[in-house]
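Right, one structure below, let's go through it.
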Protein chains: 2
Amino acid sequence: MGEQLRLTVDRRSPVPLYYQVARQLEQAIASGEVSPGFKLDNEISLADQLGLSRPTMRRAIQELVDKGLLVRKRGVGTQVVHGRVHRELELTSLYDDLRGSGQQPSTRVLLNVREPATAEVADELGIAEGEEVLHLERLRLADDEPLAVLRNWLPANVISPTDEELEGGGLYQLVRDAGTHVQIARQRIGARGATTQEARLLGRRKNDAVLTMQRTAYADSGRAIEYGDHCYRPEAYSFEVTLVER
Amino acid sequence: MGEQLRLTVDRRSPVPLYYQVARQLEQAIASGEVSPGFKLDNEISLADQLGLSRPTMRRAIQELVDKGLLVRKRGVGTQVVHGRVHRELELTSLYDDLRGSGQQPSTRVLLNVREPATAEVADELGIAEGEEVLHLERLRLADDEPLAVLRNWLPANVISPTDEELEGGGLYQLVRDAGTHVQIARQRIGARGATTQEARLLGRRKNDAVLTMQRTAYADSGRAIEYGDHCYRPEAYSFEVTLVER
DNA sequence: AAAGACAGAATGTTAGGACAAAGTCTTGAC
DNA sequence: GTCAAGACTTTGTCCTAACATTCTGTCTTT
């Protein structure tokens, strides 16, 4: 297969050079322009071809190694990994994920109130028990099929959304629009039997298996922004993770 | 809190300098020697203190930023993140995870045979249907409590373990001992009701919720090394993931 | 013919310097 | 007193350069 990687960089662009190269490489792999096992030219040669220094070229490659798309071996070279490539578990909202995969997401707001934080919520958010928090409960649907029950608690001053705003998009979009940058999130993924309420909302029976996810998200200031306790219909949703040995 | 970070490097060690520094920083954070919100000295000053160049110091810090332990902001500095720090989902075996957390892992071998690959297994391993594979089924216990049912398929020539070897440790250890380096793995995490057999093994009832994980692992050669289909008792096990916005 | 020595090729680590961009704080003008 | 301009601090990007380490294949020797 006459594979030939053609990369370019635009030095007038404000986008970092290593980032430009990484995205093009990623695109070439995702589109199948280069197939699994394809061996890249060595770093120095690639850098020369693009008029870059080796560290910059190396950084671009490293990005994709970290993502699990390329494999490097000392003394040998760099190859495109074998096996299917799929979308990563990223810091995106379920809403955006669904739209990205061609489904039609929608939201039903079940609860949108302010209340004092319970001990559990206060602990997760790192605030005092009883402090006011925004409590949201939403039912997320994909193509009008119930997919997940989303329960979230946010410190009082992060956002004050109307029901309409909640129905029009994802929670993270609202947080970003409010000028808060979500930097890091910790998730715990598990399973349990559905409660009566969850079963009713998801169209299942009580104690049928549901996939659960608890998440605490932090802003770049280090402050906790959101605690979420979600449960998903397992036939319709699963999490994917790629692990790379460094 | 009289916090003072004391780092050292050993230039005679074959361990890379950035790695030495990263591990010490990680240790200091994990042990609580520096508390959340602690502001590190700037990169140049830290590099000077250790007699390192700025790129090396920067790389050490980057490692921890990627792990979600530190947060950097341009013009401001680098801080230890708020919130609890817990063990990462890494490319380690369940066996090692359990031992690391102070529990006593054990294994009961249910099946250890060679058989022709089914279509599903062949597809996951990237081999031809009907090609010989090693098929393992194990029950993993923690402190004599059943924890997970582990089903694995490996290409025929990777390992040939005895039941005793399987009972003495994790699968990945055997693969490593055979000289194969596991480089990357893709995992899909979901949930479903337990089958009759799983329920019996795990001490649950049929259709009780179990947490499931399907994994395909690849060697650094790009060849698939293992396909696993595991299910866990959800009260006893969950997956943790840290997501970092870059 | 097989085993070991050696050279070549590729990535891994480290150094040191320069400038850019973003956030914070001080200073000065109104 | 308030607001804006500018100085300063700190991380972000990029460069050149050198040497180390590991793997592969070849060539020599036995």
Side-chain angles (χ1 to χ4, degrees), chain A residues 7 9-23 25 37-66 70-81 179-181 183 219-222 244-246, chain B residues 7 9-23 25 38-66 70-81 179-181 183 219-223 244-246:
Chain A
L7 303 170
V9 291
D10 176 7
R11 296 197 89 100
R12 291 163 317 180
S13 161
V15 178
L17 302 176
Y18 75 88
Y19 192 83
Q20 292 183 34
V21 177
R23 287 298 79 76
L25 268 173
F38 176 76
K39 187 162 169 301
L40 269 61
D41 284 351
N42 70 65
E43 296 172 348
I44 298 175
S45 154
L46 278 174
D48 280 352
Q49 291 169 37
L50 287 166
L52 299 173
S53 69
R54 185 181 162 210
T56 302
M57 190 63 223
R58 201 173 150 71
R59 179 159 179 191
I61 292 174
Q62 188 63 48
E63 289 244 325
L64 301 194
V65 172
D66 290 344
L70 294 177
V71 177
R72 288 205 275 215
K73 271 201 293 191
R74 187 187 319 206
V76 180
T78 305
Q79 279 187 308
V80 177
V81 298
T180 303
H181 182 60
Q183 168 98 27
D220 46 16
S221 62
V244 181
E245 182 73 276
R246 302 239 280 181
Chain B
L7 302 170
V9 291
D10 176 8
R11 296 198 88 98
R12 291 164 317 181
S13 161
V15 178
L17 302 175
Y18 76 88
Y19 192 84
Q20 292 183 34
V21 177
R23 287 299 80 74
L25 269 173
F38 176 76
K39 188 163 167 301
L40 270 62
D41 285 351
N42 69 64
E43 296 172 348
I44 298 174
S45 154
L46 279 174
D48 280 351
Q49 291 169 36
L50 287 166
L52 299 172
S53 66
R54 184 179 164 214
T56 301
M57 191 62 223
R58 199 172 152 71
R59 178 158 180 191
I61 293 174
Q62 188 63 47
E63 289 245 326
L64 300 192
V65 171
D66 289 344
L70 294 177
V71 178
R72 289 205 273 215
K73 273 201 289 193
R74 184 187 317 204
V76 179
T78 305
Q79 279 187 309
V80 178
V81 297
T180 304
H181 182 60
Q183 168 99 30
D220 46 16
S221 63
R223 198 168 67 107
V244 181
E245 182 72 275
R246 301 239 279 182

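All figures in this text were calculated on a predicted structure; none of them were measured in a lab. Convention: sequence-line order gives letters A, B, ...; per-chain numbering from 1.
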Worksheet, complete the sentence: Separation of D:dC15 atom P from A:Ile44 atom CD1, nearest Å, is 14 Å
Item to complete: Answer whether the closest heavy-atom distance between the side chains of B:Val71 and B:Thr78 falls below 4.5 Å.
Response: no
Worksheet item: Among D:dG12, D:dA17, C:dT11, which is the nearest nucleotide to the side chain of A:Arg72?
Response: C:dT11
Worksheet entry | Length of the line joining B:Leu17:CG and C:dG16:C1', which is rounded to integer Å | 15 Å
Item to complete: Please round to the nearest 0.5 Å and tell me the distance separating atom CG of A:Leu17 and atom CG of A:Leu50.
Response: 9.5 Å
Worksheet entry | Gap between atoms CD and C1', on B:Gln62 and D:dT13 respectively (whole Å) | 12 Å
Worksheet item: What's the CG-C1' distance between A:Leu70 and C:dA10, to the nearest Å?
Response: 15 Å
Discussion item. Between A:Tyr18 and D:dC14, is there a contact of a side-chain N or O with OP1 or OP2 at under 4.0 Å?
Written reply: no
Practice prompt. Using atom CG of B:Asn42 as one end and atom C1' of D:dC8 as the other, report the distance to the nearest whole Å.
Written response: 12 Å
Fill in: Within-4.5 Å side-chain heavy-atom neighbours: A:Ile44 and A:Gln49
no
Item to complete: To the nearest Å, give me how far apart CD (A:Gln79) and C1' (C:dA10) are.
Response: 13 Å
Worksheet item: What is the per-nucleotide protein-contact pattern of nucleotides 20-26 of chain D, from the 5' end, where B denotes a base atom under 4.0 Å from a protein heavy atom, S denotes such proximity for sugar-phosphate atoms only, and - denotes neither?
Response: -BBB---
Worksheet item: Within the side chain of A:Gln79, is there an N or O that forms a donor-acceptor pair under 3.5 Å with the backbone of A:Gly37?
Response: yes
Worksheet entry | Length of the line joining A:Arg12:CZ and D:dT13:P, which is rounded to integer Å | 21 Å
Worksheet item: With side chains defined as the heavy atoms from C-beta onward, is the minimum distance between B:Gln62 and B:Val65 less than 4.5 Å?
Response: yes
Practice prompt. Identify whether any heavy atom of A:Thr56 sits under 4.0 Å from a base atom; if not, whether one sits that close to sugar-phosphate; answer base, sugar-phosphate or nothing.
Written response: sugar-phosphate
Discussion item. Check the phosphate of D:dC14 against A:Arg59, side-chain N and O only, distance under 4.0 Å to OP1 or OP2. Yes or no?
Written reply: no
Discussion item. Between P on D:dC14 and CD on A:Glu63, what's the gap in Å once rounded to a whole number?
Written reply: 11 Å
Discussion item. Students often get this wrong, so: under 4.0 angstrom with heavy atoms, is A:Arg58 touching a base, only sugar-phosphate, or nothing?
Written reply: base
Fill in: Of B:Thr78 and A:Gly51, the one whose closest DNA chain D nucleotide lies more 5'
B:Thr78
Practice prompt. Determine the contact category for A:Arg54: base if any of its heavy atoms lies under 4.0 Å from a base atom, sugar-phosphate if only primed atoms, P, OP1 or OP2 are that close, otherwise nothing.
Written response: base
Item to complete: State, yes or no, whether a side-chain contact exists between B:Leu52 and B:Arg11 at a heavy-atom distance under 4.5 Å.
Response: yes
Worksheet item: Base, sugar-phosphate, or nothing: which does A:Pro16 touch, judged by heavy atoms less than 4.0 Å apart?
Response: sugar-phosphate
Item to complete: Please report the shortest heavy-atom distance between B:Val9 and B:Gln20, naming the atom on each side.
Response: CA-OE1, 3.5 Å
